[in-house]
Protein chains: 2
Amino acid sequence: MAKATNHDVYFVPGLHRGLKVLEILGAAETPMSLSEIARAMGLSRSSAFRLVYTLRQMEFIREAEQANAFTLGARVLNLGFAYLNQQPIAEIARPILASLRDETGVSTHLSVLEGDDVLYLVSHQARSGYVSNMRTGTRTQAYASAIGWCLLGAKDDNTLAVFAQRQSWHPFTEHTPTDPDSLTARVKQARDDGFVISRGFREPGGSSVAVPVRNNSGAIIACVNLSGPDSGFDFDRMESFYLPKTQEAALHISRALGYQGS
Amino acid sequence: MAKATNHDVYFVPGLHRGLKVLEILGAAETPMSLSEIARAMGLSRSSAFRLVYTLRQMEFIREAEQANAFTLGARVLNLGFAYLNQQPIAEIARPILASLRDETGVSTHLSVLEGDDVLYLVSHQARSGYVSNMRTGTRTQAYASAIGWCLLGAKDDNTLAVFAQRQSWHPFTEHTPTDPDSLTARVKQARDDGFVISRGFREPGGSSVAVPVRNNSGAIIACVNLSGPDSGFDFDRMESFYLPKTQEAALHISRALGYQGS
DNA sequence: CTGGTGTGTTTTGCATATTAAACATCATTA
DNA sequence: TAATGATGTTTAATATGCAAAACACACCAG
């Protein structure tokens, strides 16, 4: 009996668990000992030993200063950046968003939908004041931010409904949608307008402008956004200045991807 | 017979090969089919099939638009950035190097020695003109650049000699050291001066200022550098302006790491 | 010193992953 | 159409990874 999950016949558990070790070490605040890893994985120490042994030999993990404790090694960086360099959109967007940051003075980002999350691919921090905690590689729940609504516009109504069903709603601020209906309303609004301007939706006191990026067939594949504290935005110029600048950048990127519209 | 490498008893090949698949996909220009992966790995298709199956199920790889071809998935990004976020020096240096970039107008970087390579941890591009190809995650040979000489100052003479022995010397420019002696001379010079100013050493027409970052015990653990095309640097002000600014930033970072000196 | 509890490491019988080989598709070519 | 060669997939015999248990060493408390 037992037989727990009955993993597919083709599954290679050694690989699965090794990658999980990497993720656990990635999430850890401090280096972990072999035993800690074994416990966190729900594995025997002997199995963990073999995984750690292999990973260390491959230099994907390394011992920390304190002996018998392990951290991620630099080799995982290569993987992460190999991924980034393979996303042509990131290459294209980087200089455009840098200019946008310089023109507007607030932080600029490019993000895509990855599963149910918003994933930040490019991020340029405002040159002064407030530092956003959104950096390349950051993930946030898509349902809870202007960027998310903008990106979710890519989904058709049915897919969107299914997406909404599986969310666990957490009210980040008083404006966060907390049920499928209010979310779909937001998304449809974003789709109709072609942009989202938000004020304190994701974080109290934080505002943002989001505009979709489209590919050659006109589908939404990414989202450009400005974000910053209310104090950094001149709210009166939101529609007259920040929005058009952002739209211009988004269009610039879309064109570079073969988008024919305007 | 055969028995090829007689891998250690504790080695788990499934993990080893899975990670190798990720690296191969990371290095690939375009998505790869199952068979291509198998060939690149020197494996049977059936084995590659199981690795790909597992990686795909874990979302470390995904099928490209073209069916039956695979690319890295977004989940590898998490690993890479988890590593970065675990390097406190990167967190500390980021805003300092952003200011340095803004004050000097040229690109700024923080790098560490990783094995025999220089690894860039933080990178802020100049806001105009020339865009350097050194970004976070980039690796370069340590022996061939000002940053490298600066970082190699951390090694004692014996270790440095051993390091020098195993390099394969490639003359990137006419100034690149091509033998152990000229390298060690460079490194000792850097150690004595406490900085390196270079002109066209790594790339023709590219200049750079590099200053070491020290930890609480005074050891060199990283290196701050400015880099840009000669046209971006005002060479007359190299020692009067760029160098002191860089030293100031490096000291700032060193202090934040507990360095007591000056 | 003794017993206890924590390590990391090694062993070994059993369960399971692995791969050669067969199979099923799909193109292309004769 | 049949032959060919490439692909992705499945199978089954065998090679191998796995975890329980034993081991060795450390640390700490009494």
Quick one: [X] [atom1] to [N] [atom2], roughly how many Å, whole number?
| X | N | atom1 | atom2 | value |
| --- | --- | --- | --- | --- |
| A:I37 | C:dT9 | CD1 | P | 12 Å |
| B:M41 | C:dT19 | CE | C1' | 14 Å |
| B:F11 | C:dT9 | CZ | P | 16 Å |
| B:N68 | D:dA6 | CG | P | 17 Å |
| A:F49 | D:dA24 | CZ | P | 16 Å |
| B:L15 | D:dT16 | CG | C1' | 15 Å |
| B:R50 | D:dA12 | CZ | C1' | 13 Å |
| B:Y53 | C:dA17 | OH | P | 12 Å |

Q.
Between A:G14 and A:R56, which residue's closest nucleotide on DNA chain C lies nearer the 5′ terminus?
A.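 By nearest-heavy-atom nucleotide position, the 5'-most residue is A:R56.
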
Q. Among residues 17-36 of chain B, which contact DNA chain D at a heavy-atom distance under 4.0 Å?
A.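 Here the set is B:S33, B:L34, B:S35.
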
(Q) How about CD on A:E63, more than 12 heavy atoms from neighbouring residues, nucleotides or ligands closer than 6.0 Å, or not? (A)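 Counting other residues, nucleotides and ligands, CD of A:E63 exceeds 12 neighbours.
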
Q | Distance flag, aromatic centroids of B:F81 and A:F81, threshold under 6.0 Å | A |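 Yes, the ring centres sit under 6.0 Å apart.
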
Q. Do B:N78 and A:R139 come within less than 4.5 Å of each other through their side chains, counting heavy atoms only?
A.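 Yes, close enough: below the 4.5 Å cut-off.
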
Q. With side chains defined as the heavy atoms from C-beta onward, is the minimum distance between A:R17 and A:L43 less than 4.5 Å?
A.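 Yes, their side chains come closer than 4.5 Å.
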
Q: Could you tell me whether a side-chain N or O of A:N215 sits under 3.5 Å from a main-chain N or O of A:S217, the two making a donor and an acceptor?
A: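 Present.
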
Would you tabulate the pairs of protein nitrogen or oxygen atoms and nucleotide nitrogen or oxygen atoms of nucleotides 20-24 of chain C closer than 3.5 angstrom?
{"residue": "C:dA20", "atom": "N6", "partner": "B:S46", "partner atom": "OG", "Å": "3.4"}

Q | Whether A:Y53 and A:F49 hold their rings parallel, tilted or perpendicular, with breakpoints at 30° and 60° | A |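 Ring orientation, 0 to 90° scale: tilted.
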
(Q) Can you classify the ring geometry of A:Y143 versus A:F172 as parallel (below 30°), tilted (30 to 60°) or perpendicular (above 60°)? (A)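 The arrangement is tilted - the two ring planes meet at 30° to 60°.
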
Q: Apply salt bridge (Lys or Arg N to Asp or Glu O under 4.0 Å) to the pair A:R45 and A:E36, showing each step before the final yes or no.
A: CA-CA 9 Å; A:R45 288 194 314 254; A:E36 288 176 307; over 6 Å; no

**Q.** Any B:R39 side-chain nitrogen or oxygen under 4.0 Å from OP1 or OP2 of D:dT7
**A.**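 B:R39 to D:dT7 OP1/OP2: side-chain N or O found under 4.0 Å.
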
Q. Can you tell which of C:dT10, D:dC18, C:dA17 lies closest to the side chain of B:Y10?
A.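 Comparing C:dT10, D:dC18, C:dA17 against the side chain of B:Y10, the answer is C:dT10.
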
Q. So, are A:R75 and B:E23 salt-bridged, with charged N and O less than 4.0 Å apart?
A.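 B:E23 and A:R75: salt-bridged.
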
